[in-house]
Amino acid sequence: MVGRLIGSCEVAVMPSFQHFQQQAGQKSAKPKFSNDTLNLSMILQYAESAKKQSFQALCRVQPLVKSYRDKIDETSKAMMAAESSLGGEADIPPDYAAALGQVKEGFAEHLAALDAWMGVLTLKNEPKAEGALVKVKQSGERLESSLKGLEVPK
């Protein structure tokens, strides 16, 4: 649990998304892109660039997508572990709990979209590639929006 001192009393503070990202980054021992550079925007830029060359070039982006997907999965698991550890130690404000629920749904949706996109790339299924990419973009935007709603109570 994260806390801060106010006067002589410690006040419980809900962890922020950055806290969960740091936890996930600490667990990862695999050599990957740094947390600062591996993001959806970068993946989409690579995908757009590859798409202009050929569908085969787009399929070669899959290892990068997998690395990004693994980082998203680690962050999601870190959030759930932190939530579990907070359960008995602190009263979680209803607004924070609701926002956390939306974030968990966002992670699940984004992970599913990434898995579907990787499956399309693995099978080299060109007709389904664009639709899978659109779902990744949309789910990423929804996840980002839900994360903005997860603010540390003051």
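Every heavy atom of this structure was used, including side-chain atoms; hydrogens, water molecules and symmetry mates were not.
- Side chains of Val65 and Tyr46 form no contact here, defined as non-hydrogen atoms less than 4.5 Å apart.
- Taken to the nearest 0.5 Å, the NZ atom of Lys137 stands 10.5 Å off from the OG atom of Ser41.
- Thr122 places a side-chain N or O within 3.5 Å of a backbone atom of Met118 that can act as its donor or acceptor partner.
- Exactly one residue among Lys104, Arg142, Gln138 makes a side-chain hydrogen bond (donor to acceptor under 3.5 Å, both in side chains) with Glu109. That residue is Arg142.
- In this structure, the separation between CZ on Arg69 and CH2 on Trp117 is 13.5 Å, given to the nearest 0.5 Å.
- Taking both residues in full, the closest heavy atoms of Ser54 and Ala57 are given as OG-N, 3.0 Å, listed atom of the first, atom of the second, then distance.
- Taken from CD1 in Ile72 to CG in Leu143, the straight-line distance is 6.0 Å, to the nearest 0.5 Å.
- A heavy-atom distance below 4.5 Å is found between the side chains of Met79 and Leu150.
- Hydrophobic cluster membership differs between Val120 and Leu40, with clusters built from Ile, Leu, Val, Met, Phe, Trp and Tyr side chains linked at under 4.5 angstrom.
- Note: the hydrophobic cluster containing Leu133 also contains Phe55 (ILVMFWY, side chain heavy atoms under 4.5 Å, direct or indirect links).
- Between the CG atom of Leu121 and the CD atom of Glu126 there is a distance of 11.0 Å, given to the nearest 0.5 Å.
- Atom OG of residue Ser67 and atom CD1 of residue Ile43 lie 7.5 Å apart, to the nearest 0.5 angstrom.
- Counting non-hydrogen atoms of other residues, nucleotides and ligands closer than 6.0 Å to NZ of Lys51 gives a total above 12.
- Met42 and Val61 fall within the same hydrophobic cluster, where Ile, Leu, Val, Met, Phe, Trp and Tyr residues are linked whenever their side-chain heavy atoms come under 4.5 Å apart, directly or through other members.
- Here the straight-line distance linking atom CG of Leu100 with atom OG of Ser146 works out to 9.5 Å at 0.5 Å rounding.
- The shortest non-hydrogen separation linking Ala99 to Gly149 is CB-O, 3.5 Å.
- Residues His110 and Gly140 share a closest heavy-atom pair of ND1-N, 3.2 Å.
- Under a 3.5 Å cut-off, the side chain of Ser145 and the backbone N or O of Glu141 do not form any donor-acceptor pair.
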